[in-house]
J.: 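Can you keep this structure in mind? I'll have questions shortly.
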Protein chains: 2
Amino acid sequence: MPDDDLPPLPGFDLDHFTPYRLSVAAERVSEELARVYRERFGLSIPQWRVLVHLASSGDVSVREIEARVAMEKSKVSRAASRLEAAGLIGKTVNDADRRLVRLSLTAKGRALMAELLPLAEAYQREIEARLGASFAAFAAGLETLLGARR
Amino acid sequence: MPDDDLPPLPGFDLDHFTPYRLSVAAERVSEELARVYRERFGLSIPQWRVLVHLASSGDVSVREIEARVAMEKSKVSRAASRLEAAGLIGKTVNDADRRLVRLSLTAKGRALMAELLPLAEAYQREIEARLGASFAAFAAGLETLLGARR
DNA sequence: GCAGTTTCGTTGCATGTGCAATGAAGTCAA
DNA sequence: TTGACTTCATTGCACATGCAACGAAACTGC
């Protein structure tokens, strides 16, 4: 019996608190997926995001990736530096606007993505299978939460 | 025109990649909520999680919180130290097993939670409102993703 | 009772992150 | 052109984090 009697706290069940569950679920899924990037390809999540964006959108600047992929520009910048060091992307100055950096996949980076993207797609299908019939509603819910912001 | 012709990469749309969307959604929701803890009460997310668990489960050890609340024990330990420094919780040795630390809310901590928990509940209701009819399916999806592990 | 092992919580260390400051480049108005 | 202002990418710095190592305490089998 810890205390005398104090005003009772409102009952609160963390397990039904959506922000918490959402956060833990995201962590688990990300971790599960990140293991593949890391162990098989030596990539971090920020690096993976940059690569995916390059693969689907051609050459882009750091700024574009920042906006498009929900990552701080410093995070993008550092991820890009490492990808460059690993020979997966190239960085050149944009001639039209010399403040901008033009990131582009190297042949090596392209080859890596050709291997990686199918794995990502397979994982996506696995998640859809796990969620079954409620997948559509779940995805819609995610979009709602994302759209409701700014 | 960046390259000659290389084997085309499989098309991949990050916006329909559930792990990514999930991760960004969680980040946004957490950030929105964390702002309240931080600005109004000076609490970090780990600290908040410890407090919530103490509020709903009475006195517990670090180990229990780690298991219950999906946080590394070092994270729990550091959060607890700061909460103690802030006078919100107390740490005592468990007499039955002197390896264990007994964490418990102080009167000050209790008072804080009495203020904070209603805000959390209000936020929960707001999320439910945002999601509307699909909330149940969304929450069920989260549970599926959480349960499918280990 | 006692060596060997396990569990608990803390801490040292290397790494990742956000934020603010910086410098280079571009824009705009006069 | 010049000078004030903005935009872009990088980097310095302070701080959070994960992991491994550690010491203390508790079990375990003998």
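Quantities reported herein were computed from a predicted structural model and do not represent experimental measurements.
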J.: Go nucleotide by nucleotide along DNA chain C from the 5' end; which of B:V62 and A:S44 gets its closest nucleotide reached first?
T.: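 Per heavy-atom nearest nucleotide, the more 5' residue is B:V62.
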J.: Do B:E32 and B:Y123 meet the criterion of a side-chain donor-acceptor pair at a distance under 3.5 Å?
T.: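 Yes, because at least one side-chain N or O of B:E32 sits under 3.5 Å from a partner of the opposite role on B:Y123.
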J.: Please report the distance, rounded to the nearest Å, between CD in A:E31 and P in D:dT17.
T.: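 Checked: the CD to P distance equals 16 Å.
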J.: Whole angstroms only, please: what is the CG-C1' distance between A:D95 and C:dA25?
T.: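 Distance, rounded to whole Å: 13 Å.
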J.: Could you tell me the separation between the CZ atom of A:R38 and the C1' atom of C:dG16, rounded to a whole number of Å?
T.: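 Spelled out: CZ on A:R38 to C1' on C:dG16 is 13 Å.
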J.: Nearest to the side chain of A:R82 - C:dG9, D:dA9, C:dG16?
T.: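 So the side chain of A:R82 is nearest to C:dG16.
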J.: Starting at atom CG of B:L103, determine the distance to atom P of C:dG9, rounded to an integer number of angstrom.
T.: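 Rounded to the whole Å, the gap is 8 Å.
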J.: Just the rounded figure in Å: distance from P of C:dG18 to CD of A:E72.
T.: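 It is 5 Å, rounded to the nearest whole Å.
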J.: Would you tell me if any nitrogen or oxygen in the side chain of B:S61 comes within less than 4.0 Å of OP1 or OP2 on C:dG9?
T.: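 Yes, because at least one side-chain N or O of B:S61 sits under 4.0 Å from OP1 or OP2 of C:dG9.
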J.: Considering only side-chain heavy atoms of A:R99, which listed nucleotide, D:dA25, C:dT10, D:dT6, is closest?
T.: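 Nucleotide nearest to A:R99's side chain: D:dT6.
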J.: Quick check: any donor-acceptor pair below 3.5 Å linking the side-chain of A:R63 to the base of C:dG26?
T.: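 Not at all, since no donor on one side and acceptor on the other fall under 3.5 Å apart.
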J.: Quick one: does A:R78 reach the base of C:dG18 with a side-chain donor-acceptor pair under 3.5 Å?
T.: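 Result: at least one qualifying N/O pair found.
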J.: Does A:S77 have a side-chain nitrogen or oxygen under 4.0 Å from the phosphate oxygens OP1 or OP2 of D:dA9?
T.: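 False: A:S77 side-chain N/O out of range (4.0 Å or more) of D:dA9 OP1/OP2.
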J.: Within the side chain of B:E64, is there an N or O that forms a donor-acceptor pair under 3.5 Å with the backbone of B:S61?
T.: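 Pair found, side chain donor or acceptor close to backbone of B:S61.
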J.: Closest to the B:K73 side chain: D:dA9, D:dA25, C:dC8?
T.: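 The closest nucleotide is C:dC8.
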J.: Specify the residue among A:R98 and A:P46 whose closest nucleotide of DNA chain C lies further upstream toward the 5′ end.
T.: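 The residue mapped nearer the 5' terminus is A:P46.
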J.: Do A:E27 and A:S30 pair up side chain to side chain, a donor and an acceptor below 3.5 Å, judged on atom types alone?
T.: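 A:S30 and A:E27 do not have a side-chain donor-acceptor pair below 3.5 Å.
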J.: Under 3.5 Å, is there a donor-acceptor pair between the side chain of A:K108 and the main chain of A:A86?
T.: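 Pair found, side chain donor or acceptor close to backbone of A:A86.
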J.: When the distance from NZ of A:K91 to C1' of D:dA9 is rounded to whole Å, what number comes out?
T.: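 Going from A:K91 (NZ) to D:dA9 (C1'), I get 8 Å.
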J.: I need the CD1-C1' distance between B:I65 and C:dC8, as an integer number of Å.
T.: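 The answer, rounded to whole Å, is 14 Å.
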J.: Within the distance-only criterion (no hydrogens, no angle test), does the side chain of A:S134 pair as donor or acceptor with the backbone N or O of A:L131 below 3.5 angstrom?
T.: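 Judged by distance alone, yes, a pair lies under 3.5 Å.
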J.: In terms of side-chain heavy atoms of B:S74, which of C:dT11, C:dC8, D:dA16 is nearest?
T.: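 Closest nucleotide among those given: C:dT11.
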J.: Which part of the nucleic acid does A:S81 contact within heavy-atom distance under 4.0 Å: base, sugar-phosphate only, or nothing?
T.: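 It contacts nothing in the nucleic acid.
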J.: What is the distance, rounded to the nearest whole Å, between atom CG of A:L43 and atom P of C:dG16?
T.: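 These atoms are roughly 13 Å apart.
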